[in-house]
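Fair warning: this is a prediction, and the values are worked out from it, not measured in the lab.
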Amino acid sequence: MLKKNGYIRKQTSIRQKIENYQNTLDQKSKLLESLAQQDENNRKVKCAIAYAEELYKVTERYARRAQEGVFEELNSIIEKNFSIMTVVD
């Protein structure tokens, strides 16, 4: 009878360990799914950031070119007006 009780206790202990391991496995599986989803979301965000950065670079180049053109035109106007003013004197 004592051997039987010992065997039942060990069996119960083993079943509890199996249940605990199964619960842990379930929790880790859920965590893995959550992390996989976060990784996918992060990938999309990183892609959007990279796109925005490239768009900014292109826009900055266009703005710089436009600014240079405006400065050249402004300098031309100033030179013209300056030459007119010096002729009047």
Side-chain angles (χ1 to χ4, degrees):
M1 186 75 161
L2 290 176
K3 280 187 174 183
K4 189 174 184 182
N5 285 340
Y7 175 75
I8 291 173
R9 280 191 213 125
K10 284 183 183 180
Q11 192 177 22
T12 302
S13 174
I14 290 171
R15 283 186 180 150
Q16 288 173 344
K17 286 181 181 180
I18 290 172
E19 287 177 19
N20 288 338
Y21 291 143
Q22 186 61 48
N23 288 337
T24 301
L25 180 62
D26 291 343
Q27 290 172 352
K28 299 299 180 189
S29 293
K30 288 178 184 176
L31 178 60
L32 181 61
E33 289 174 15
S34 173
L35 291 174
Q37 183 61 42
Q38 287 176 359
D39 185 53
E40 177 63 19
N41 291 343
N42 288 342
R43 186 190 66 74
K44 290 176 183 177
V45 169
K46 286 179 182 178
C47 183
I49 289 172
Y51 179 78
E53 287 173 344
E54 289 303 313
L55 187 60
Y56 176 81
K57 288 176 187 176
V58 169
T59 305
E60 186 178 37
R61 281 196 301 269
Y62 283 129
R64 206 174 313 118
R65 287 181 191 152
Q67 187 179 26
E68 289 171 0
V70 168
F71 282 138
E72 289 173 6
E73 186 177 341
L74 182 59
N75 282 335
S76 174
I77 292 170
I78 290 172
E79 286 177 15
K80 182 179 175 185
N81 287 341
F82 188 73
S83 67
I84 291 171
M85 287 175 25
T86 57
V87 171
V88 173
D89 285 342

Margin query: Heavy-atom count check: over 12 atoms from other residues, nucleotides or ligands less than 6.0 Å from Q11 CD?
Written below: yes
Notebook entry, point to check: How many angstroms lie between NZ in K28 and CD in E33, if you round to the nearest 0.5 Å?
Noted result: 14.0 Å
Note to self: Just by distance, no angles: are the side chains of N23 and E19 close enough, under 3.5 Å, to form a donor-acceptor pair?
What the structure shows: no
Next item on the list: Decide salt bridge (Lys or Arg N to Asp or Glu O under 4.0 Å) for K57 and E54; before the verdict, give the C-alpha distance in whole Å, the side-chain angles of both, and the deciding distance to 0.1 Å.
Entry: CA-CA 5 Å; K57 288 176 187 176; E54 289 303 313; 3.3 Å; yes
Notebook entry, point to check: Within the distance-only criterion (no hydrogens, no angle test), does the side chain of S13 pair as donor or acceptor with the backbone N or O of R9 below 3.5 angstrom?
Noted result: no
Note to self: I need the K44 NZ to I49 CD1 distance, nearest 0.5 Å.
What the structure shows: 14.5 Å
Margin query: Regarding N41 and Q37, do their side chains bring together a donor and an acceptor under 3.5 Å, going by distance alone?
Written below: yes
Next item on the list: For salt bridge (Lys or Arg N to Asp or Glu O under 4.0 Å), just list the numbers for E40 and R43, CA-CA rounded to whole Å, side-chain angles, deciding distance to a tenth of an Å, and then say yes or no.
Entry: CA-CA 5 Å; E40 177 63 19; R43 186 190 66 74; 2.8 Å; yes
Check: Just by distance, do the side chain of S29 and the backbone of L25 share a donor-acceptor pair under 3.5 Å?
Finding: yes
Checklist line | salt bridge (Lys or Arg N to Asp or Glu O under 4.0 Å) against E60, all qualifying residues, sequence neighbours excluded | finding: R64
Next item on the list: For side-chain contact (heavy atoms from CB on, under 4.5 Å), just list the numbers for E72 and S76, CA-CA rounded to whole Å, side-chain angles, deciding distance to a tenth of an Å, and then say yes or no.
Entry: CA-CA 6 Å; E72 289 173 6; S76 174; over 6 Å; no
Check: Are the side chain of T24 and the backbone of N20 linked by a donor-acceptor contact shorter than 3.5 Å?
Finding: yes
Notebook entry, point to check: When rounded to the nearest 0.5 angstrom, what distance separates CZ in R15 from CD1 in I8?
Noted result: 10.0 Å
Notebook entry, point to check: Could you go step by step and tell me if I18 and I14 meet the side-chain contact (heavy atoms from CB on, under 4.5 Å) rule?
Noted result: CA-CA 6 Å; I18 290 172; I14 290 171; 3.9 Å; yes
